[in-house]
Amino acid sequence: KVFYLDNITVSGENYALFKVKVDGNTNKIKRTDWGTGFNENFTYNGYKVIAGKVILTEVTNCGDGTCDFEATIEGRLEDA
């Protein structure tokens, strides 16, 4: 199987640093803050991820206190 990655949408309750890693390598980085809002989108436009590779979204809370964060991975799975 092959996964074609289109978008990763991230959000949270505080400002943060988001990193997207594909198979352990940092692929993209974005920061949210009070001026830009707490939602961001990573656009990939069909980035090919083969079976066995890991897509990880890592977040560092840059604010005070405990907060919730989330990520949504969008794409399509096809036969190789």
Answer with yes or no whether the side chains of Thr9 and Asn7 bring together a donor and an acceptor at under 3.5 Å. no

For side chain to side chain contact (heavy atoms under 4.5 Å, CB included), just list the numbers for Cys62 and Arg31, CA-CA rounded to whole Å, side-chain angles, deciding distance to a tenth of an Å, and then say yes or no. CA-CA 9 Å; Cys62 297; Arg31 178 182 290 276; 3.4 Å; yes

Check whether Phe18 forms a cation-pi arrangement with Lys28 (NZ or CZ under 6.0 Å from the six-membered ring centre, at most 45° off the ring normal). no

Testing Ile55, Val22, Leu56, Ile8 one by one against Asn27 for a side-chain contact (heavy atoms from CB on, under 4.5 Å), which residue passes? Val22

Sort out for me which residue in Ile50, Asp79, Val49 forms a side-chain contact (heavy atoms from CB on, under 4.5 Å) with Lys1. Asp79

Looking at Tyr4 and Tyr47, would you say the former's side chain and the latter's main chain have a donor-acceptor pair under 3.5 Å? no

Over all atoms of both residues, closest heavy-atom pair of Phe42 and Lys30: CE2-CG, 3.4 Å

Is any side-chain heavy atom of Val20 less than 4.5 Å from a side-chain heavy atom of Tyr44? yes

Applying side chain to side chain contact (heavy atoms under 4.5 Å, CB included), run through Asn14 and Trp34 and close with a yes or a no. CA-CA 8 Å; Asn14 208 341; Trp34 295 105; 4.0 Å; yes

Just wondering, are more than 12 heavy atoms of other shown residues or ligands nearer than 6.0 Å to CG in Asn39? yes

If you round to the nearest 0.5 Å, how far is CG of Asp68 from OG of Ser11? 9.5 Å

Checking the side chain of Glu74 only, and the main-chain atoms of Asp6 only, is there a donor and an acceptor separated by less than 3.5 Å? no

Provide the closest heavy-atom pair for Ala16 versus Phe69 in the form atom of the first, atom of the second, distance. CB-CE2, 3.6 Å

If the test is side-chain contact (heavy atoms from CB on, under 4.5 Å), which one of Thr26, Thr57, Ile29 qualifies with Lys21? Thr26

Which heavy-atom pair separates Tyr15 from Thr32 by the least distance, and what is that distance? CB-O, 3.0 Å

Look at the side chain of Asn61 and the backbone N and O of Gly65, then say whether any donor-acceptor pair between them is shorter than 3.5 Å. yes

Is the charged tip of Lys48 near the ring of Phe3: under 6.0 Å from the six-membered ring centre and within 45° of its axis? no

